[in-house]
Protein chains: 2
Amino acid sequence: MSSGAGPGDDAAGLAHRVPELGALQLLLAVARLGSLGRAARELGISQPAASSRVRAMERQLGVALVDRSPRGSRLTDTGVLVTDWARRIVEAAEAFDVGAQALRDRRDSRLRVAASMTIAEYLLPGWLIALRRERPDTAVSLRAGNSLAVAEQLLAGEADLGFVEGLDVPNGLSGVVIAQDSLVVVVAPGHPWARRRAPLGPAELAATPLILRERGSGTRQVLDAALAADGGLARPLLELSSTTAVKGAVVSGAGPSVLSELVVGDEVAAGRLVQVPVEGVRLRRDLRAVWTTGHRPTGPARDLLSLTRRVVA
Amino acid sequence: MSSGAGPGDDAAGLAHRVPELGALQLLLAVARLGSLGRAARELGISQPAASSRVRAMERQLGVALVDRSPRGSRLTDTGVLVTDWARRIVEAAEAFDVGAQALRDRRDSRLRVAASMTIAEYLLPGWLIALRRERPDTAVSLRAGNSLAVAEQLLAGEADLGFVEGLDVPNGLSGVVIAQDSLVVVVAPGHPWARRRAPLGPAELAATPLILRERGSGTRQVLDAALAADGGLARPLLELSSTTAVKGAVVSGAGPSVLSELVVGDEVAAGRLVQVPVEGVRLRRDLRAVWTTGHRPTGPARDLLSLTRRVVA
DNA sequence: TTGTACTCATAACCCCAGCTTATGCCCTCA
DNA sequence: TGAGGGCATAAGCTGGGGTTATGAGTACAA
């Protein structure tokens with residue numbers, strides 16, 4: 001094995017090394033139900049199919065996952081670990097699914113939602129999963145855009161309920177704050193700030209070139225407003241057009257950035273990014289549900305709204 | 001569409017509604033490279049194959065994902081959204097991959113790691129991904145167990161580096177604290193505590209029956225120790241044998257629980273669980289890297305260690 | 001213009017992964 | 001001892017997804 005691409009760091013083979021979704025679901029079902037046959041029935045396949053899939057997974061991964069016995073199947077120790085990793089994939093897939101579903105049913109859904117990008121990306125799938133649990137019959141359609149587009153769609157009657165992040169409510173709309181989103185300063189683990197314990201102040205933050213989204217983006221606005229309170233202004237080291245690009249640049253060590261904790265939550269938890277403590281800067285923005293003034297949400301819109309309001313009061 | 005299971009809430013069809021990993025990777029590659037052909041080359045498949053896969057995805061999801069032009073392909077607006085959801089699936093799959101890889105190479109790897117369950121499940125994959133980026137040739141093997149098992153393997157020379165969570169360092173081992181894990185009180189969004197703003201005190205926490213892991217588990221130990229400082233003791237409402245089971249019970253509203261923020265991070269961010277503020281209880285535990293006293297980590301072990309220490313100093 | 005180089009789409013063919021049904025063995029329990 | 005639930009094996013079919021070969025549209029330079 002020479003240097004460079006070892007086996008396992010080529011993206012190409014990922015799909016061949018990771019079992020497909022159906023197999024992972026099957027594994028979860030086996031864990032839950034304690035029997036290959038029952039799991040097979042739950043997923044609507046035959047028992048031999050389930051048996052062979054699990055066997056194939058074990059061959060693929062090179063470890064034993066389930067203990068078969070004539071009275072059922074239980075996970076092995078490593079099976080438990082693998083299943084937990086698998087669960088994260090399946091959950092991400094479920095979020096993808098509800099999101100895609102909502103995206104597809106553009107027209108004539110019972111509940112048409114318009115949301116800003118960040119909310120559509122990170123929060124809505126979770127809400128829709130919860131909504132589906134409580135009101136399985138509600139068909140939801142989703143359109144994502146910036147705050148302006150959300151407002152337009154509500155005013156044009158093309159959406160029943162909107163979600164926006166930002167400092168104020170667009171004209172003609174009413175709304176309630178449903179959550180607060182914190183912006184956080186993040187750096188790659190190798191950056192000097194990563195070991196820092198003393199909080200950053202506004203002056204230092206304003207003086208340091210940051211990796212930022214272009215001027216006009218929601219995140220940038222909040223940052224500028226926060227620093228303006230101290231007479232400062234964010235200095236861009238690099239301006240990128242998508243949040244993902246910014247995040248990628250920070251992870252690869254290009255410099256510090258200020259991003260929503262929604263966006264970097266995973267990376268911080270997994271240690272790919274480090275959050276730098278900050279003091280004296282108001283890096284919070286409200287997340288709001290909005291509707292056209294006078295048309296308080298009713299029916300499915302009300303269901304979804306009450307669901308989101310129970311989150312982070 | 002009658003009541004009950006609508007289309008989209010049956011787990012069975014998930015794999016048919018969500019494109020498979022290869023297709024999602026392809027989409028990410030297209031987004032990054034701006035061309036179907038280039039993306040195809042990167043993944044080692046032919047251009048027509050890529051073209052057809054993307055087309056199949058669009059048919060499957062019912063939305064246009066990429067704008068084809070004779071000079072390349074760019075994502076549509078909804079394509080950007082879908083791609084972001086897809087990225088989360090692929091990242092989960094990468095974590096699965098490195099984990100499984102480490103699990104497979106049990107014997108004669110250059111670096112044999114033993115880790116407690118929680119660390120193996122939530123943190124190690126991220127570290128291994130980072131390690132692979134810096135030292136692509138390092139083959140890592142992983143065994144997961146409780147703190148005792150980790151200690152045994154280190155002392156028996158079956159592992160080079162261990163990771164444990166807990167209050168103290170096992171006998172015969174040395175170690176450093178690499179991170180702190182906070183335990184948090186969580187409830188389902190419908191629970192009365194979800195709207196609560198005043199922090200819980202130790203007395204109230206000790207007086208409330210909780211959903212817990214069985215006595216002897218790491219989490220339970222920390223909780224008992226923390227409450228013991230005030231003369232209290234956790235009262236179980238329900239004792240379950242796995243963290244996942246506890247989490248599931250809390251999500252479905254069975255009652256409050258105390259869990260590691262590593263475990264519930266996703267759920268809290270997505271609003272499936274609500275974190276309740278707590279005051280006056282020391283719900284922190286150290287995460288430590290450990291090794292047999294006298295054998296300070298060298299080589300690959302040192303690489304991994306330094307990597308983890310850069311995280312949450 | 002015309003040639004070249006890039007894009008993506010279409011067509012015809014092929015293969016194997018994974019499904020199904022049918023069966024058998026093992027264990028447990030009434 | 002027979003019934004029933006559990007898993008494994010065998011044989012056969014199907015189709016999704018791959019391949020190569022080719023065409024058609026756009027851009028740019030000679």
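Treat the numbers as computed from the prediction; the structure is a model and nothing was measured. First the proteins, then the strands, lettered A, B, ... as listed; each starts at 1.
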Rounded distance (nearest 0.5 Å) linking atom [atom1] of [X] with atom [atom2] of [Y]:
X         : Y         : atom1 : atom2 : answer
Lys247(B) : Ser252(B) : NZ    : OG    : 12.5 Å
Gln153(A) : Glu158(A) : CD    : CD    : 5.5 Å
Leu36(B)  : Ser51(B)  : CG    : OG    : 5.5 Å
Asp97(A)  : His16(B)  : CG    : NE2   : 12.5 Å
Ile119(B) : Ser260(B) : CD1   : OG    : 9.5 Å

Qualifying residues under ring pair (Phe, Tyr, Trp, His ring centres under 6.0 Å), relative to Phe96(B), sequence neighbours excluded: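 Testing Phe96(B) for ring pair (Phe, Tyr, Trp, His ring centres under 6.0 Å), a comparison that skips the adjacent residues, returns none.
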Span of DNA chain D, from the first to the last nucleotide whose atoms fall under 4.0 Å of chain A heavy atoms: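 Range of nucleotides touched by chain A: dG5(D) to dT9(D).
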For Arg220(A), all residues meeting side chain to side chain donor-acceptor pair (under 3.5 Å), sequence neighbours excluded: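 With sequence neighbours excluded, Arg220(A) shows a side chain to side chain donor-acceptor pair (under 3.5 Å) to Glu239(A), given in chain and number order.
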For Ser116(B), all residues meeting side chain to side chain donor-acceptor pair (under 3.5 Å), sequence neighbours excluded: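 For Ser116(B) the side chain to side chain donor-acceptor pair (under 3.5 Å) partners, ignoring immediate neighbours, are Glu165(B).
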Base versus backbone protein contacts along nucleotides 15-30 of chain C [heavy-atom cut-off under 4.0 Å; B, S, -]: ---SSBBB----S---
Sugar-phosphate only, base, or nothing, as touched by Arg41(B) at under 4.0 Å among non-hydrogen atoms: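 Touches sugar-phosphate only.
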Sugar-phosphate only, base, or nothing, as touched by Arg59(A) at under 4.0 Å among non-hydrogen atoms: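 Nothing: the residue Arg59(A), judged by heavy atoms under 4.0 Å, touches no strand.
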Pairing residues for [X] by the salt bridge (charged side-chain N to carboxylate O under 4.0 Å, His left out) criterion, not counting sequence neighbours:
X        : result
Arg32(A) : Glu42(A)
Glu91(A) : none
Arg41(A) : none

Helical bend (five base pairs per end, nearest 10°) for the helix from dT1(C)-dA30(D) to dA30(C)-dT1(D):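 The helix from dT1(C)-dA30(D) to dA30(C)-dT1(D) shows an end-to-end axis angle of 20°.
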Side-chain donor-acceptor pairs under 3.5 Å in residues 75-84 of chain B, sequence neighbours left out?
unit_1: Thr76(B); atom_1: OG1; unit_2: Ala64(B); atom_2: O; d: 2.9
unit_1: Thr76(B); atom_1: OG1; unit_2: Leu65(B); atom_2: O; d: 3.1
unit_1: Thr76(B); atom_1: OG1; unit_2: Thr78(B); atom_2: OG1; d: 3.4
unit_1: Thr76(B); atom_1: OG1; unit_2: Gly79(B); atom_2: N; d: 2.9
unit_1: Thr78(B); atom_1: OG1; unit_2: Ala64(B); atom_2: O; d: 3.0
unit_1: Thr83(B); atom_1: OG1; unit_2: Gly79(B); atom_2: O; d: 2.6
unit_1: Asp84(B); atom_1: OD1; unit_2: Thr244(A); atom_2: OG1; d: 3.2
unit_1: Asp84(B); atom_1: OD1; unit_2: Arg87(B); atom_2: NH1; d: 2.6

Residue pairs passing the side-chain hydrogen bond (donor to acceptor under 3.5 Å, both in side chains) test where at least one lies in residues 53-64 of chain B, sequence neighbours excluded: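 Pairs touching residues 53-64 of chain B that pass the test: Glu20(B)-Arg53(B), Glu58(B)-Arg68(B).
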Nucleic acid contacts of residues 30-37 of chain B, taken as heavy-atom distances under 4.0 Å to DNA chain C: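 Heavy-atom cutoff 4.0 Å gives Ser35(B), Leu36(B), Gly37(B).
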